[in-house]
Enquirer: 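Structure provided below as structure tokens; questions to follow.
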Amino acid sequence: MSMASTDRVGVEEALRLQFEIEQLYAREAHLLDERRFEQWLDLFADDFMFRVPIAQNVAFNALEEEYLEDALAISWIHDDKPTMAKRVEQIRTGVHWAEEPLSRTVHLVSNVLIDVVESDDDGPLELDVKSGVLSYRHRLTDQEDTVVGRRHDRLRRIDDVWLISGRTLYISQTVYLGSSFSHFI
Amino acid sequence: MESEQIRELVDIPNGVASRSIFVDEELYRQELKQIFGRGWLMVGHESQVPEPDDFMLSRMGEESVILTRDRQGELHVLLNSCRHRGMKVCRFDKGNTRLFTCPYHAWSYTTDGSLVERAGDLFGVPGWKTHYHEALDKKEWGLISVAQMRNYKGTIWATWDIDAPPLEEYLGSFKLWLDSALNSRSGEEGGSTVLVGVQKWRVKCNWKFAPTNFIGDAAHAVSHKSVNLANISPSGSGRRDQRAKGHYAFGWPDLGHGGLGFTPRPEEEWEQGSVFGRFPEVSEYFREVFEKRKVERAGETHYQGKGTIFPNTSFHEDQPRTIIVHHPNGPEETEFWRYYLVDADAPEFVKDTLRHYFMTYSGPGGMTEQDDLENWLYASDASKGMIARQFPYNYQQGLGYSEPFDGYPGSVWCGYRETEQNQLIFLKRWSEFMQGWNWDELMHRSTHPDYVPFPLKAGENVEEVR
């Protein structure tokens with residue numbers, strides 16, 4: 001919880017938000033790790049976009065170019081919600097060989113830092129949330145990989161339910177060492 | 001391994017090849033010299049280094065190289081290793097400089113033509129006067145440069161071998177298919193560019209699985225059943241990609257290239273399938289472009305195809321339009337670099353729709369490519385055993401049914417798509433390089449005593465293939 005949010009919403013509200021969002025992330029991690037992918041999709045707003053930008057090594061004075069985030073830059077993944085649903089559908093066919101048998105994953109989410117998005121209108125409450133995520137997978141006999149990244153989410157509260165409306169995952173690897181993103185990171 | 005033993009690994013007339021080609025450490029070391037030390041390798045795209053002093057890191061085989069543009073606008077490919085103790089003089093994936101200074105002992109190299117004769121020459125050495133007594137000849141100790149470099153319609157190619165033939169000769173008429181990827185949809189020469197961002201990732205598979213897959217392994221389509229069931233096609237229905245009629249496997253037996261492509265036909269008879277049903281504006285854009293092409297290119301011939309350029313570059317000309325380089329990274333690991341192509345003058349919304357489609361299809365996040373990667377990984381894994389490696393792979397699909405195809409000089413086809421002639425053609429070329437043939441023999445200007453003609457349908461004359 002940053003001071004800005006505490007100032008704006010008060011300590012009690014800030015603690016409540018912290019609790020709600022951390023619970024949401026814990027629920028998301030468990031849904032993924034228990035392969036309840038269809039329920040996992042329900043956590044996202046219909047206009048949700050998920051982007052995993054590519055990182056490259058740059059000099060100290062060009063760090064703003066470290067992650068490729070221009071509108072037309074290629075990413076590792078840049079999905080809307082229908083595409084994510086297609087990925088779930090593909091896994092459920094039982095013949096998506098990169099995920100059949102399914103990988104075993106464990107997602108750990110930590111360092112949750114919440115900022116309330118300032119807004120002039122009467123729209124829904126929105127949050128900018130930063131967190132750290134460690135996504136571990138084991139596959140078949142000896143295939144093991146870990147993706148660690150910094151997550152920047154946008155969350156929106158509609159009828160007392162939090163929906164994730166945007167997510168950028170800044171993974172640390174420049175050359176991805178885990179064969180494929182057939183699992184959900 | 002002696003060339004006599006190497007010859008025995010690929011049995012062309014019988015359509016079988018030893019698994020040791022895909023797992024053996026000693027053969028791998030020989031490949032780095034005989035194949036990656038001599039063949040034409042793709043290094044990058046000119047649009048990645050648009051300004052003077054721009055540079056990017058790339059690879060040629062296992063070697064780290066710098067692709068850079070000098071102050072005069074000329075491109076260079078330099079080995080990224082200090083001549084003094086071998087330290088990488090550059091560890092940034094991209095940037096802008098004309099001075100590469102080694103972090104170890106500060107030897108510095110420049111591409112500035114006003115300071116040195118040749119780009120990459122040694123410029124500064126600490127203590128050159130006081131400790132080397134001016135005896136160190138800087139001209140002798142510049143960064144190693146590739147022997148030849150070629151900018152082909154924006155794609156940058158290089159070879160370490162001064163005797164290698166020009167890239168166009170090396171490609172033969174297979175060049176027509178590379179053109180179909182690099183020219184714009186309207187047919188403008190080299191009208192394509194690459195989107196910013198190269199996907200680089202490693203898979204525990206031998207590097208040759210990918211090029212022999214992309215050379216036209218039509219029978220592996222069953223691997224992609226799941227993606228067809230989930231239907232990611234931007235058309236909103238049917239297969240994951242859709243294409244025009246008359247799509248076959250063609251291979252170039254004397255050059256090692258091949259792929260899946262179309263029989264040549266007059267431009268006005270080319271029917272481009274509509275694949276963007278879910279995106280009406282994009283559909284409309286392509287409809288207009290292809291209509292215009294038909295009018296402007298009337299009377300010309302339409303050549304189109306996708307495939308593998310020996311040894312380790314594959315491309316797809318249509319959907320998804322990409323180039324992939326399969327960098328060897330040890331006998332059991334490959335580092336893939338995938339570039340994505342679009343027409344430089346396409347509107348932004350078209351580029352954006354294409355890029356989303358490309359990313360859901362290809363690369364490690366690609367719903368189609370993931371299943372390929374799985375195949376290559378576990379095929380490599382299960383071929384390593386001392387028992388497993390005693391049994392050859394089978395490439396007999398269509399064996400003995402290949403015929404010369406006049407529409408593409410030097411090519412053969414079976415008149416259908418599901419044939420393994422192209423994989424065999426790749427392995428034939430692999431064997432010829434690995435036996436250490438010289439370029440006269442490799443380019444068939446003279447005949448090596450161990451030349452084995454590619455098996456054709458009874459009655460076909462091998463000379464017609466040349």
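What's counted below: heavy atoms across the whole structure, side chains too, no hydrogens, waters or symmetry copies. Per chain, numbering begins at 1; letters A, B, ... match sequence-line order.
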Enquirer: Is a side-chain donor or acceptor of B/R91 paired with a backbone partner of A/V58 at a separation under 3.5 angstrom?
Expert: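 A pair under 3.5 Å: no.
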Enquirer: Which atoms of B/R338 are under 4.5 Å from chain A, going by heavy atoms: the side chain, the backbone, both sets, or neither?
Expert: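 Neither; nothing under 4.5 Å.
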Enquirer: Assess, by modelled atom type and distance only, whether the side chains of B/Q370 and A/S182 contain a donor and an acceptor separated by less than 3.5 Å.
Expert: no
Enquirer: Please state whether the side chain, the backbone, both or neither of A/L68 comes within less than 4.5 Å of a heavy atom of chain B.
Expert: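 The side chain, not the backbone.
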Enquirer: Does A/K86 use its side chain to pair, donor to acceptor, with the backbone of B/A230 at less than 3.5 Å?
Expert: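 Pair found, side chain donor or acceptor close to backbone of B/A230.
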Enquirer: Would you find more than 12 non-hydrogen atoms of other residues, nucleotides or ligands less than 6.0 Å from A/H138 atom NE2?
Expert: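 Atom NE2 in A/H138 is crowded, with more than 12 foreign heavy atoms closer than 6.0 Å.
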Enquirer: Using non-hydrogen atoms and a 4.5 Å limit, figure out which bit of A/I54 sits close to chain B: side chain, backbone, both or neither.
Expert: side chain
Enquirer: Count the heavy atoms belonging to other residues, nucleotides or ligands that lie under 6.0 Å from CG of A/D46, then report whether that count exceeds 12.
Expert: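 Atom CG in A/D46 is not crowded, with 12 or fewer foreign heavy atoms closer than 6.0 Å.
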Enquirer: Could you tell me whether A/E38 atom CD has more than 12 heavy atoms of other residues or ligands within 6.0 Å of it?
Expert: yes
Enquirer: Is B/F358 close to chain A through its backbone or its side chain, or both, or neither, when contacts mean heavy atoms under 4.5 Å?
Expert: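 Neither part.
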Enquirer: At a heavy-atom separation under 4.5 Å, does A/I185 approach chain B through its side chain, its backbone, both, or neither?
Expert: neither
Enquirer: Could you name the residues of residues 198-210 of chain B that have a heavy atom within less than 4.5 Å of a heavy atom in chain A?
Expert: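 Near chain A, by residue number: B/V198, B/Q199, B/K200, B/W201, B/R202, B/V203.
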Enquirer: Working note: A/T174 + B/D93, criterion side-chain contact (heavy atoms from CB on, under 4.5 Å); need CA distance, chi angles, decisive distance, verdict.
Expert: CA-CA 9 Å; A/T174 54; B/D93 291 320; 4.3 Å; yes
Enquirer: Which of residues 345-353 of chain B get closer than 4.5 angstrom to chain A, counting heavy atoms alone?
Expert: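 Counting heavy atoms that sit under 4.5 Å from chain A, the residues of residues 345-353 of chain B involved are B/E348, B/K351, B/D352.
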Enquirer: Side chains of A/Q90 and B/V227: closer than 4.5 Å at any heavy-atom pair?
Expert: yes
Enquirer: Could you go through B/L373 and A/S179, starting from their C-alpha distance and side-chain angles, then the distance that decides it, and tell me whether this counts as side-chain contact (heavy atoms from CB on, under 4.5 Å)?
Expert: CA-CA 7 Å; B/L373 302 172; A/S179 298; 5.6 Å; no
Enquirer: Check each atom of B/L229 against the heavy atoms of chain A and say whether the ones under 4.5 Å are side chain, backbone, both or neither.
Expert: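 For B/L229, backbone and side chain are both near chain A.
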Enquirer: Between A/Y176 and B/E335, is there a side-chain donor-acceptor contact under 3.5 Å, judged purely by atom types and distance?
Expert: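 The criterion, which ignores hydrogens and geometry beyond distance, is not satisfied for A/Y176 and B/E335.
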Enquirer: Name the member of B/Y339, B/Y378, B/F336 that forms the most heavy-atom pairs with chain A at distances under 4.5 Å.
Expert: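 Of the candidates given, the most pairs with chain A belong to B/Y378.
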Enquirer: At a 4.5 Å cut-off on heavy atoms, which part of A/A62 comes close to chain B: side chain, backbone, both, or neither?
Expert: neither
Enquirer: Tell me the closest heavy-atom pair linking A/W97 and B/D371, and the distance in Å.
Expert: N-OD1, 2.9 Å
Enquirer: Before you tell me yes or no, could you show the steps for A/L72 and B/V196 under side-chain contact (heavy atoms from CB on, under 4.5 Å), namely the whole-Å CA-CA distance, both residues' side-chain angles and the distance that decides it to 0.1 Å?
Expert: CA-CA 7 Å; A/L72 290 179; B/V196 168; over 6 Å; no
Enquirer: Would you check if A/H96 and B/M367 make a side-chain contact, meaning some heavy-atom pair closer than 4.5 Å?
Expert: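 Heavy-atom side-chain distance check fails, nothing below 4.5 Å.
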Enquirer: Is there a side-chain contact between B/H356 and A/D80 in this structure, where contact means two heavy atoms from C-beta onward sitting under 4.5 Å apart?
Expert: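 Contact flag for B/H356/A/D80 side chains = no.
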Enquirer: Pair A/I74, B/M359 - check side-chain contact (heavy atoms from CB on, under 4.5 Å), show working.
Expert: CA-CA 8 Å; A/I74 286 291; B/M359 286 184 283; 4.2 Å; yes
Enquirer: How would you list, in number order, the residues of residues 152-159 of chain A that have a heavy atom less than 4.5 Å from chain B?
Expert: none
Enquirer: Can you establish whether the number of heavy atoms outside B/K225 located under 6.0 Å from its atom NZ is more than 12?
Expert: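 No, the 6.0 Å shell around NZ holds no more than 12 heavy atoms from other groups.
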Enquirer: Enumerate by number any residue of residues 43-52 of chain B whose heavy atoms lie under 4.5 Å from heavy atoms of chain A; in the absence of such residues, state 'none'.
Expert: none
Enquirer: Please identify which of these residues, A/E99, A/R139, A/E100, meets the side-chain contact (heavy atoms from CB on, under 4.5 Å) condition with B/E374.
Expert: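 The residue from A/E99, A/R139, A/E100 that satisfies side-chain contact (heavy atoms from CB on, under 4.5 Å) with B/E374 turns out to be A/R139.
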Enquirer: Using every non-hydrogen atom in the two residues, find where A/F181 and B/G365 come nearest and quote the distance to one decimal.
Expert: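 Result for this residue pair: CD1-N, 3.9 Å.
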